[in-house]
2 protein chains.
Amino acid sequence: MTEPPVGRRERKKAATRQSIADAALQLFLERGYDQVSIRDIADAADVSTTTVFKHFTGKEALVFDQEQDRESQLNAAVRQRAAGQSLLDALRQHVLDSWLPITAHPRIAEFTNLVDSTPALRAYAERMWTRHTDSLGAAIADEFGVDHDDLACVTLARFVLEIPALARGRQDRRAAVDAIFDILTQGWQPPAKPSAPPSS
Amino acid sequence: MTEPPVGRRERKKAATRQSIADAALQLFLERGYDQVSIRDIADAADVSTTTVFKHFTGKEALVFDQEQDRESQLNAAVRQRAAGQSLLDALRQHVLDSWLPITAHPRIAEFTNLVDSTPALRAYAERMWTRHTDSLGAAIADEFGVDHDDLACVTLARFVLEIPALARGRQDRRAAVDAIFDILTQGWQPPAKPSAPPSS
DNA sequence: GTAGAAAAGTGCAACGAGTCAACTTAGCCC
DNA sequence: GGGCTAAGTTGACTCGTTGCACTTTTCTAC
């Protein structure tokens with residue numbers, strides 16, 4: 001069938017893009033992000049440096065290859081949620097289902113380490129999420145028939161998209177995600193003092 | 001005299017720093033951020049480019065000159081709040097008192113316009129706030145005698161520090177700040193449909 | 001006061017990211 | 001097979017940023 005890769009041209013294009021991304025990731029993991037130049041990557045992938053920038057918007061984008069359609073996934077989670085499920089529950093479930101498994105993958109450990117130890121990549125990763133604030137906010141607003149820039153909807157979108165950054169690095173990410181959603185649903189409550197620690 | 005805090009040297013240093021910042025801001029407002037190079041600024045201030053980087057960490061920092069001690073102000077708002085005032089009320093009041101007047105200042109209009117129309121500056125401004133997440137989170141945690149990285153406290157700090165970005169550009173910033181704090185205190189509520197608009 | 005350390009500033013060269021324009025190459029379609 | 005188009009190359013260029021060697025100014029100690 002003609003569906004997976006169409007045309008010889010687009011296949012070669014995808015191939016070079018992939019070889020660039022592969023070379024970049026390998027070099028980054030070997031030497032560290034700052035110790036690898038675009039020329040190094042271009043040489044390793046046997047392309048010119050300008051070709052690298054034809055496929056990727058910048059150096060950081062090389063690390064987060066398939067940034068895929070997080071946006072459409074988020075919007076779908078809002079719009080196509082199960083009947084009767086509240087909006088916040090749908091978002092909570094989506095975060096638990098689609099973000100937690102990715103970060104829990106064992107092979108991603110060194111990748112996560114690379115990102116966390118490189119300030120430029122940490123900043124880029126955070127904006128990767130918050131960039132979708134407007135889109136998610138609009139999707140939420142549509143659910144309630146209000147303007148796309150409705151303050152409450154945009155605020156919720158922004159706060160939800162901050163959750164990955166907040167839960168990152170926690171020992172129990174699942175519990176962290178739940179706790180943050182509890183804040184969003186019930187309002188913020190002062191934490192319990194550890195003077196009377198829980199039994200278990 | 002041996003006692004005055006400022007020596008002759010430090011005064012001249014502050015003077016050159018100021019002349020660099022002035023030249024930079026003027027050129028940025030005249031031509032736009034991307035149309036001004038560091039070399040232009042250095043020439044206008046009659047210093048060398050290396051001197052510019054001795055005073056400022058990067059090009060973006062030239063725009064946000066005195067980034068002052070937002071951090072200590074935030075912590076003070078938390079720690080030295082009026083007796084009996086709740087934490088969230090103290091934060092709400094601090095945001096209303098110290099952030100709103102700044103952005104409402106009429107002369108800042110063109111400055112705000114410059115920042116908003118330059119992606120690099122928008123990103124930098126956002127991180128300027130969220131950079132203090134850990135510090136504010138620790139201050140909040142201290143108020144309740146829990147660990148400095150307590151999830152609820154860090155989450156609240158992060159959300160509060162997002163408020164300027166969320167309220168920016170709203171027609172009624174004060175109402176926006178209040179509305180967001182209401183979300184934080186009472187939890188998120190679906191917005192009212194505009195089919196039955198409120199009277200006033 | 002004067003010597004000399006230390007800081008502030010200069011000039012220059014360099015590196016890496018990213019862009020641009022002109023050119024070659026290869027797949028596509030008729 | 002020939003023209004169109006997109007992918008890739010090449011090389012030069014801009015710009016942010018850093019490093020190094022050097023000069024000037026201020027502070028400090030004698």
Side-chain angles (χ1 to χ4, degrees), chain A residues 2-25 27-28 30-65 118-121 123-124 127, chain B residues 1-25 27-28 30-65 118-124 127:
Chain A
T2 57
E3 34 159 76
V6 289
R8 191 166 266 144
R9 193 135 83 182
E10 308 185 17
R11 246 183 298 128
K12 295 203 84 173
K13 181 177 181 177
T16 50
R17 181 196 164 93
Q18 192 59 40
S19 74
I20 292 171
D22 290 347
L25 187 57
L27 289 175
F28 285 153
E30 278 177 15
R31 304 186 212 162
Y33 182 76
D34 293 320
Q35 277 62 52
V36 178
S37 78
I38 298 282
R39 271 143 190 127
D40 293 337
I41 297 166
D43 287 349
D46 202 38
V47 296
S48 70
T49 65
T50 54
T51 300
V52 174
F53 289 106
K54 286 233 174 76
H55 286 276
F56 300 90
T57 57
K59 193 180 180 184
E60 295 110 328
L62 283 163
V63 176
F64 304 96
D65 193 5
T118 309
L121 293 181
Y124 187 88
R127 269 195 284 146
Chain B
M1 308 293 185
T2 55
E3 36 163 65
V6 287
R8 202 158 262 146
R9 189 133 89 188
E10 307 183 18
R11 246 183 300 127
K12 293 202 83 174
K13 181 175 181 178
T16 50
R17 181 196 163 92
Q18 193 59 40
S19 74
I20 293 171
D22 289 347
L25 187 58
L27 288 175
F28 286 154
E30 278 177 15
R31 304 186 212 162
Y33 182 77
D34 293 320
Q35 275 63 50
V36 178
S37 77
I38 297 283
R39 284 149 181 114
D40 293 337
I41 297 166
D43 286 349
D46 201 40
V47 296
S48 69
T49 66
T50 55
T51 300
V52 174
F53 287 104
K54 285 230 175 75
H55 287 275
F56 299 91
T57 57
K59 193 180 180 183
E60 295 110 330
L62 283 164
V63 176
F64 305 97
D65 191 6
T118 310
L121 292 181
R122 280 189 52 86
Y124 186 87
R127 269 195 284 147

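We name chains A, B, ... by the order of the sequence lines, and we start the count at 1 in each one.
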Exercise. How are the rings of B:Phe28 and B:Tyr33 set to each other: parallel, tilted or perpendicular (split at 30° and 60°)?
Worked result: tilted

For this session: Could you check A:Arg9 against B:Lys13 and say which one's nearest nucleotide on DNA chain C is further toward the 5' end?
Result: B:Lys13

For this session: Give a yes/no answer on whether the side chain of A:Thr51 brings an N or O atom under 4.0 Å of OP1 or OP2 in D:dT9.
Result: yes

Problem set entry | Greater than 12 external heavy atoms within 6.0 Å of A:Asp46's CG | no

Problem set entry | Rounded interatomic separation in angstrom, taking CZ from B:Phe56 and C1' from C:dA8 | 15 Å

For this session: Provide, to the nearest angstrom, the distance between the NE2 atom belonging to B:His55 and the C1' atom belonging to C:dA7.
Result: 11 Å

For this session: Calculate the interatomic distance between A:Gln35 atom CD and C:dA17 atom P; express it in whole Å.
Result: 11 Å

For this session: Assess whether atom CZ of A:Arg31 is packed by more than 12 heavy atoms of other residues, nucleotides or ligands within 6.0 Å.
Result: yes

Exercise. Going by number, which of residues 36-47 of chain A have a non-hydrogen atom under 4.0 Å from DNA chain C?
Worked result: A:Val36, A:Ser37, A:Ile38, A:Arg39

For this session: Using only side-chain N and O atoms of B:Thr16, determine if any of them is under 4.0 Å from OP1 or OP2 of C:dG9.
Result: yes

For this session: Given side chain to side chain contact (heavy atoms under 4.5 Å, CB included), test B:His55 with B:Lys13 step by step and report yes or no.
Result: CA-CA 9 Å; B:His55 287 275; B:Lys13 181 175 181 178; 3.5 Å; yes

Exercise. If you check every side-chain atom of B:Lys59, which of D:dG16, D:dT9, C:dG9 has the closest atom?
Worked result: D:dG16

Exercise. C:dA8 P sits how many Å from B:Ile20 CD1, rounded?
Worked result: 13 Å

For this session: Report the nucleotide, chosen from D:dT17, D:dT10, C:dT10, that has the shortest atom-to-atom distance to any side-chain atom of A:Thr50.
Result: D:dT10

Problem set entry | Point-to-point distance, once rounded to the nearest 0.5 Å, from OG1 of B:Thr118 to OH of B:Tyr124 | 14.0 Å

Problem set entry | For atom CZ of A:Arg11 and atom P of D:dA7, their distance in whole Å | 15 Å

Exercise. Rounded to whole angstroms, how far apart are CG on A:Asp34 and C1' on D:dT17?
Worked result: 13 Å

Exercise. At what distance, to the nearest 0.5 angstrom, does CD1 of B:Ile41 lie from CG of B:Leu25?
Worked result: 10.0 Å

For this session: Let me know the distance between NZ of B:Lys54 and P of C:dA6, rounded to the nearest Å.
Result: 17 Å

Exercise. Does A:Asp43 use its side chain to pair, donor to acceptor, with the backbone of A:Asp40 at less than 3.5 Å?
Worked result: no

Problem set entry | Interatomic distance where CZ belongs to B:Phe28 and P belongs to D:dC15 [whole Å] | 13 Å

